[in-house]
Asker: 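Structure incoming, see below.
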There are 2 protein chains.
Amino acid sequence: MSEIESVLKKHQIRPTAIRILVYKFLRKREVAVTLNDLEADFDRSERTTLYRTIKTFEKNGLVHQIDDGTGVSKYALDDKVAESGQPQDLHLHFHCDTCQETVCLTDHKIPHISLPPGFVSKDINLVIKGICDKCSNLE
Amino acid sequence: MSEIESVLKKHQIRPTAIRILVYKFLRKREVAVTLNDLEADFDRSERTTLYRTIKTFEKNGLVHQIDDGTGVSKYALDDKVAESGQPQDLHLHFHCDTCQETVCLTDHKIPHISLPPGFVSKDINLVIKGICDKCSNLE
DNA sequence: AAAAACATGCAATTGAAGTGCATTATTCCA
DNA sequence: TGGAATAATGCACTTCAATTGCATGTTTTT
């Protein structure tokens with residue numbers, strides 16, 4: 001059994017052909033991908049199948065969904081999870097206004113933010129927009 | 001001329017009947033509103049007109065758009081701007097999973113976040129999800 | 001008062017997300 | 001093993017927010 005298959009199985013995901021391909025695709029990309037990105041790379045496959053594939057990955061904690069404010073959902077592998085089995089720590093996302101790419105800054109933990117009395121925090125979404133390292137070097 | 005009219009004019013917005021009503025509506029609400037909220041309160045008026053009204057307000061710095069991750073855009077008055085003419089400071093938004101309302105925690109400034117070399121920050125979107133003060137008191 | 005600029009209303013389009021259902025593939029277990 | 005049960009896939013279709021085009025109505029300007 002390949003390494004990829006065992007990663008999927010560890011997450012209770014049946015390693016079908018498409019799922020393995022989608023997983024490989026996510027691995028290959030360092031940036032978060034949209035459903036359209038997937039579709040563009042998988043002419044042979046159905047949008048719905050890709051949609052459900054990514055949703056299955058998400059449900060089983062293999063990817064996380066990113067809302068970067070562009071109005072289109074993006075997804076990225078929870079690499080740490082894939083290896084350790086521990087849920088991915090909260091981290092921030094950076095969206096580049098130039099190349100439109102969104103990346104996980106996995107090493108940048110979100111600082112603790114105190115809330116007014118009565119507010120209970122369960123989840124945090126932090127997206128920073130600007131110019132990414134690749135694009136700023138091109139200027 | 002009413003106070004509202006002068007606020008609109010200060011922002012180069014012609015104070016038409018609908019615009020004044022929309023502004024009043026935004027004032028009345030302490031939470032961010034969706035287009036649907038507006039529409040529900042303005043049977044007489046057209047969705048498109050409300051849409052364009054809010055977009056005009058946004059373009060002229062009277063409201064800011066909030067993406068709280070629900071997939072529906074919300075809008076809230078830039079109160080400070082309305083008074084001072086200065087752009088609203090970056091602040092965080094809180095979305096309550098219970099009542100589904102989103103509020104601006106205007107007094108909570110977003111802490112400085114250092115980025116890796118090459119990344120330039122232009123804008124920050126920080127949304128915290130959980131239970132708001134009203135809903136946590138009800139438990 | 002006429003022309004120009006802007007606001008409004010209605011119809012229609014777009015695009016992402018999601019659902020229903022029939023078909024195909026895989027797993028389970030007698 | 002073979003057939004029932006379960007899950008995955010493909011296709012069509014729906015939903016819903018966002019947005020645009022265009023005709024009409026209203027202000028503003030001169």
Side-chain angles (χ1 to χ4, degrees), chain A residues 1-2 4-6 8-25 32-60 62-76 95 100 102, chain B residues 1-2 4-6 8-25 32-60 62-76 95 100 102:
Chain A
M1 187 197 307
S2 77
I4 291 179
E5 284 183 44
S6 65
L8 293 181
K9 284 197 175 163
K10 198 191 301 176
H11 288 267
Q12 336 270 351
I13 297 166
R14 287 213 260 183
T16 65
I18 287 179
R19 288 170 175 181
I20 291 171
L21 289 173
V22 169
Y23 181 80
K24 280 183 183 168
F25 181 80
V33 306
T34 65
L35 209 52
N36 280 334
D37 294 334
L38 271 174
E39 211 183 357
D41 225 61
F42 289 79
D43 313 319
R44 64 190 73 188
S45 196
E46 240 322 279
R47 184 184 186 81
T48 312
T49 301
L50 296 171
Y51 172 76
R52 287 199 258 236
T53 297
I54 210 85
K55 283 293 170 191
T56 299
F57 284 9
E58 188 192 1
K59 183 148 46 74
N60 294 36
L62 187 55
V63 306
H64 62 283
Q65 187 179 23
I66 302 164
D67 174 10
D68 63 8
T70 58
V72 184
S73 291
K74 298 187 177 172
Y75 302 88
H95 175 74
Q100 304 295 321
T102 296
Chain B
M1 186 197 306
S2 78
I4 291 179
E5 284 182 46
S6 66
L8 294 181
K9 283 197 176 164
K10 199 192 299 178
H11 288 268
Q12 335 271 350
I13 298 165
R14 290 214 282 213
T16 66
I18 288 179
R19 287 171 176 180
I20 290 171
L21 289 173
V22 170
Y23 181 79
K24 281 183 182 167
F25 181 80
V33 306
T34 65
L35 210 52
N36 279 335
D37 294 334
L38 271 173
E39 210 182 358
D41 225 60
F42 289 79
D43 312 319
R44 66 191 71 189
S45 196
E46 238 322 280
R47 184 184 184 80
T48 312
T49 302
L50 296 172
Y51 171 76
R52 287 199 258 236
T53 297
I54 210 85
K55 283 294 169 188
T56 298
F57 285 9
E58 189 193 0
K59 183 147 46 75
N60 293 36
L62 187 56
V63 307
H64 62 283
Q65 186 179 22
I66 302 163
D67 174 11
D68 62 8
T70 58
V72 184
S73 290
K74 297 186 178 173
Y75 301 88
H95 176 74
Q100 304 294 322
T102 296

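Within every chain, numbering begins at 1; the chains are lettered A, B, ... in the order of the sequence lines, protein sequences first and strands thereafter.
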Asker: What range of DNA chain D does chain B touch, first nucleotide to last, counting atoms under 4.0 Å from its heavy atoms?
Answerer: D:dA17 to D:dT28
Asker: Would you mind reporting whether A:Arg47 and A:Leu38 have side-chain heavy atoms less than 4.5 Å apart?
Answerer: no
Asker: Would you indicate whether the side-chain heavy atoms of A:His11 and A:Phe57 approach each other to under 4.5 Å?
Answerer: no
Asker: B:Leu50 has an atom CG; how far is it from atom P of C:dA7, in whole Å?
Answerer: 15 Å
Asker: B:Ile54 CD1 to C:dA7 P: how many Å, rounded?
Answerer: 15 Å
Asker: Where each residue is assigned the nucleotide of DNA chain D containing its nearest heavy atom, which of B:Tyr75 and B:Arg14 is assigned the position nearer the 5′ end?
Answerer: B:Tyr75
Asker: Check every strand shown and say whether B:Thr34 touches a base, only sugar-phosphate, or nothing at a heavy-atom separation below 4.0 Å.
Answerer: nothing
Asker: Answer whether the closest heavy-atom distance between the side chains of B:Ile54 and B:Glu58 falls below 4.5 Å.
Answerer: no
Asker: Rounded off to whole Å, could you give me the CD1-to-C1' distance for the A:Ile13 and C:dT26 pair?
Answerer: 16 Å
Asker: Side-chain contact test, heavy atoms from C-beta onward, threshold under 4.5 Å: evaluate it for B:Thr53 versus B:Ile13 and give yes or no.
Answerer: no
Asker: Looking for any heavy atom pair under 4.0 Å, which part of the strands does B:Arg52 touch: base, sugar-phosphate only, or nothing?
Answerer: base
Asker: Rounded to whole Å, how long is the line connecting atom CD of A:Glu39 with atom P of C:dA17?
Answerer: 11 Å
Asker: Nearest whole Å is fine: how far is C:dC6 P from B:Gln12 CD?
Answerer: 12 Å
Asker: Would you kindly compare B:Asn36 and A:Thr53 by the position of their nearest DNA chain D nucleotide and give the one closer to the 5′ end?
Answerer: A:Thr53
Asker: Answer whether the closest heavy-atom distance between the side chains of B:Ile66 and B:Thr102 falls below 4.5 Å.
Answerer: yes
Asker: Under 4.0 Å, heavy atoms only, any strand: does A:Ser45 hit a base, just the sugar-phosphate, or nothing?
Answerer: sugar-phosphate
Asker: Quickly work out the B:Leu21 CG to C:dA7 P distance and round it to whole Å.
Answerer: 16 Å
Asker: What heavy-atom pair brings A:Ser45 and A:Ile18 nearest, and what distance separates the two atoms?
Answerer: OG-CD1, 3.3 Å
Asker: So what does B:Thr56 hit on the nucleic acid, given a heavy-atom distance under 4.0 Å: a base, only sugar-phosphate, or nothing?
Answerer: nothing
Asker: Just compare C:dA7, C:dG18, C:dT8 and give me whichever is closest to any side-chain atom of B:Ile18.
Answerer: C:dT8
Asker: Any base atoms under 4.0 Å from A:Thr16, or only sugar-phosphate, or nothing? Heavy atoms, all strands.
Answerer: sugar-phosphate
Asker: Quick one: A:Lys74 NZ to C:dA16 P, roughly how many Å, whole number?
Answerer: 12 Å
Asker: Between C:dG9 and B:Thr48, is there an OP1 or OP2 to side-chain N/O distance shorter than 4.0 Å?
Answerer: no
Asker: Among side-chain atoms of A:Thr70 and A:Asp68, is any donor-acceptor pair under 3.5 angstrom?
Answerer: yes
Asker: Check the distance between C:dA7's P and B:Tyr51's OH and give it to me in whole angstrom.
Answerer: 15 Å
